[in-house]
K.L.:
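Input: one structure, supplied below.
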Amino acid sequence: MPSDQSSLFPPLQSELLDIAFGAKPGCFPLPTATDPSGSWHRSVALAGQGRYSAADIELRRCPPRSPELASLHASTRASWLRQLGRHERARRFDGRAVFLVGLVGSPRSRDSVEARSDALTGLAADALGSGRFRLAQTLLERGAEQWQSPAGRDLWRPPLRAAWVAAELAMMRGDGHTAVRHAESARALADDADSLRHSIKTDLVFAAALSCAGETTRAHDAAIEVACAAAIHDLLPLRWAATMLCEGTGGVDAGMVASADLAAAIGRRGGSSVD
C-alpha cells in the first residue's frame, strides 16, 4: 500500500504494513497484530519470507470482519499455493475470493477494488498454470475494469500484479518481446511504489522475460542480482525462484546456494503445510 496510508494505522500496525508492503520486508520477528487488517499484513509479510506455516496460523488467528478482507484472505492463500506450484488448489481459493465480493456493479471502495482485482488476477494466474491462455487474458481484462474505475485511482498493487501476469502470459505464449514490454510496464509501476518485495519480484519477472526474448546473458545477470537482493532481505521464495532462473540461464555464481537447497529450506519453514 502507498506510504501515505501508513498514518491511518496505529504504530504497530503501521510497522506491519511497512513489512508487508513497504521498505522492511525481511524484518523478523514481527510485531503482534491487534486487528484483522494487521493480521493480514502480518501473514503477507511472513509468507514473503517463506514462513508459510506461521503465515497460515496468523491468517486463521484473526477472522476478517468484512467480505473484502475475507476475499483478500482467500486470494492470499491462493498466491501461496501458486508459489508452490499447486495451481488447481489455488483456483478454489481464488474462486472463493470472487464469490465473497462479487463482480456485479462498479466497485464501491478501494477495498473492493483491491479484493476484486486480486481475485481476478489470481484466477488469471491459475489459468496460466493449466494452459488456458485465452481465459487468462479475459480475466486480466475483467480485472483491469476494476482498477481502472474511479475507486481504483492511485492504487499501485492491482495494476502491478496484473502486469506481472500479463508478462507471464506472453512468456507462456512464447512472445518474448511482449513479455519484456509488460515487464517494463511493471517496472514503471514498481518504481512508484514503496514495496521493496514487489520491486524485487518485478525484477525477477523482467529477468524471466529477457530469457524468453532470447537475451540469455542479460537474463542471467539480472537473475543473479535478484537472488542476491532476495537473500539480503530474507525473501526466501523469491530467492529460490531467481536461483532456478540462474541455473536455467548459465548456472549459479560461486557461493550461491543451489535451488534444491533453497526449496528444502522453504519446506522447513512450512511450505508443505499450505493447504
Side-chain angles (χ1 to χ4, degrees), residues 1-33 37-59 72-73 75-84 114 118 121-122 155-161 163-164 183 186-187 189-208 222-245 256-257 259 262-263 265-266 268-271 274:
M1 290 185 180
S3 58
D4 62 0
Q5 292 189 16
S6 62
S7 61
L8 302 178
F9 296 88
L12 285 181
Q13 306 307 85
S14 179
E15 186 175 356
L16 286 169
L17 179 69
D18 197 32
I19 298 168
F21 299 116
K24 303 191 297 182
C27 180
F28 190 82
L30 277 63
T32 301
S37 292
S39 183
W40 177 58
H41 295 151
R42 194 172 193 270
S43 69
V44 169
L46 287 165
Q49 299 169 4
R51 305 181 195 277
Y52 291 108
S53 182
D56 180 62
I57 292 170
E58 183 64 38
L59 210 58
L72 288 169
H73 273 217
S75 292
T76 297
R77 190 175 297 281
S79 72
W80 303 346
L81 289 162
R82 275 195 305 277
Q83 289 167 24
L84 299 169
E114 292 239 38
D118 270 17
T121 301
L155 288 175
W156 60 267
R157 202 170 64 84
L160 176 58
R161 295 184 73 244
W164 290 345
R187 166 49 52 211
L189 291 163
D191 285 344
D192 289 335
D194 295 327
S195 177
L196 183 56
R197 176 169 59 86
H198 284 75
S199 179
I200 294 172
K201 168 65 181 287
T202 300
D203 289 341
L204 175 61
V205 172
F206 183 67
I224 291 287
E225 292 183 7
V226 172
C228 291
I232 289 170
H233 297 286
D234 197 25
L235 299 173
L236 186 56
L238 288 177
R239 184 184 179 189
W240 171 52
T243 301
M244 286 194 290
L245 182 55
M256 289 182 64
V257 179
S259 64
L262 294 172
I266 290 174
R268 291 191 294 272
R269 288 191 178 183
V274 178

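In this chain, residues are counted from 1 in sequence order.
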K.L.:
Measure the spacing between OG1 of T121 and CZ of R161 and express it to the nearest 0.5 Å.
P.N.:
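Taking OG1 in T121 and CZ in R161, the distance rounds to 5.5 Å.
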K.L.:
Quick test of your reading: applying salt bridge (Lys or Arg N to Asp or Glu O under 4.0 Å), list the pairs with at least one residue in residues 39-52, sequence neighbours left out, ordered by first then second residue.
P.N.:
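Passing the test, one end in residues 39-52: R42-E58, R51-D234.
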K.L.:
Taking all atoms of both residues into account, what is the closest heavy-atom pair of A183 and T202, and its distance?
P.N.:
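Where A183 meets T202 most closely, the heavy atoms are O-CG2, 4.3 Å.
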K.L.:
If you take all heavy atoms of S199 and A190, which pair is closest and at what distance?
P.N.:
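Closest approach of S199 to A190, heavy atoms only: CA-CB, 4.3 Å.
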K.L.:
Name all residues meeting the ring pair (Phe, Tyr, Trp, His ring centres under 6.0 Å) criterion together with W164; count only those two or more places apart in sequence or in a different chain, and write none if there are none.
P.N.:
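Result, ring pair (Phe, Tyr, Trp, His ring centres under 6.0 Å) vs W164: H198.
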K.L.:
Distance-only, no hydrogens or angles: does the T76 side chain make a donor-acceptor pair with backbone N or O of L72 under 3.5 Å?
P.N.:
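Yes, T76 side chain to L72 backbone: donor-acceptor pair under 3.5 Å.
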K.L.:
Nearest 0.5 angstrom please: H41 NE2 to S39 OG, how far?
P.N.:
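Spacing of NE2 (H41) from OG (S39) equals 10.0 Å.
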K.L.:
Working to the nearest 0.5 angstrom, can you tell me the gap between I57 CD1 and S53 OG?
P.N.:
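Rounded to the nearest 0.5 Å, the CD1-OG separation comes to 4.5 Å.
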K.L.:
Looking at P237 and G48, what are the two nearest heavy atoms and their distance?
P.N.:
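Residues P237 and G48, closest heavy atoms: CD-O, 3.3 Å.
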K.L.:
Ignoring hydrogens, what is the shortest heavy-atom contact between A231 and R239? Give both atom names and the distance.
P.N.:
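So the two residues come closest at CB-NE, 3.6 Å.
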K.L.:
Minimum heavy-atom separation for R197 and A20, please, with both atom names.
P.N.:
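Nearest heavy atoms, R197 then A20: NH2-O, 2.8 Å.
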K.L.:
List for me each residue that meets side-chain contact (heavy atoms from CB on, under 4.5 Å) alongside A265, sequence neighbours excluded, and say none if there are none.
P.N.:
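For A265 the side-chain contact (heavy atoms from CB on, under 4.5 Å) partners, ignoring immediate neighbours, are L236, R268.
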K.L.:
Apply side-chain hydrogen bond (donor to acceptor under 3.5 Å, both in side chains) to D56 and list each qualifying residue two or more places apart in sequence or on a separate chain.
P.N.:
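Scan of D56 (side-chain hydrogen bond (donor to acceptor under 3.5 Å, both in side chains), adjacent residues dropped) gives R60, R77.
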K.L.:
Could you pull out all residues at least two apart from A78 that satisfy side-chain contact (heavy atoms from CB on, under 4.5 Å)?
P.N.:
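With sequence neighbours excluded, A78 shows a side-chain contact (heavy atoms from CB on, under 4.5 Å) to R82, A90, F93, D94, given in chain and number order.
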K.L.:
Restricting to side-chain contact (heavy atoms from CB on, under 4.5 Å), what partner residues turn up for A222, sequence neighbours left out?
P.N.:
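Applying side-chain contact (heavy atoms from CB on, under 4.5 Å) to A222 gives A207.
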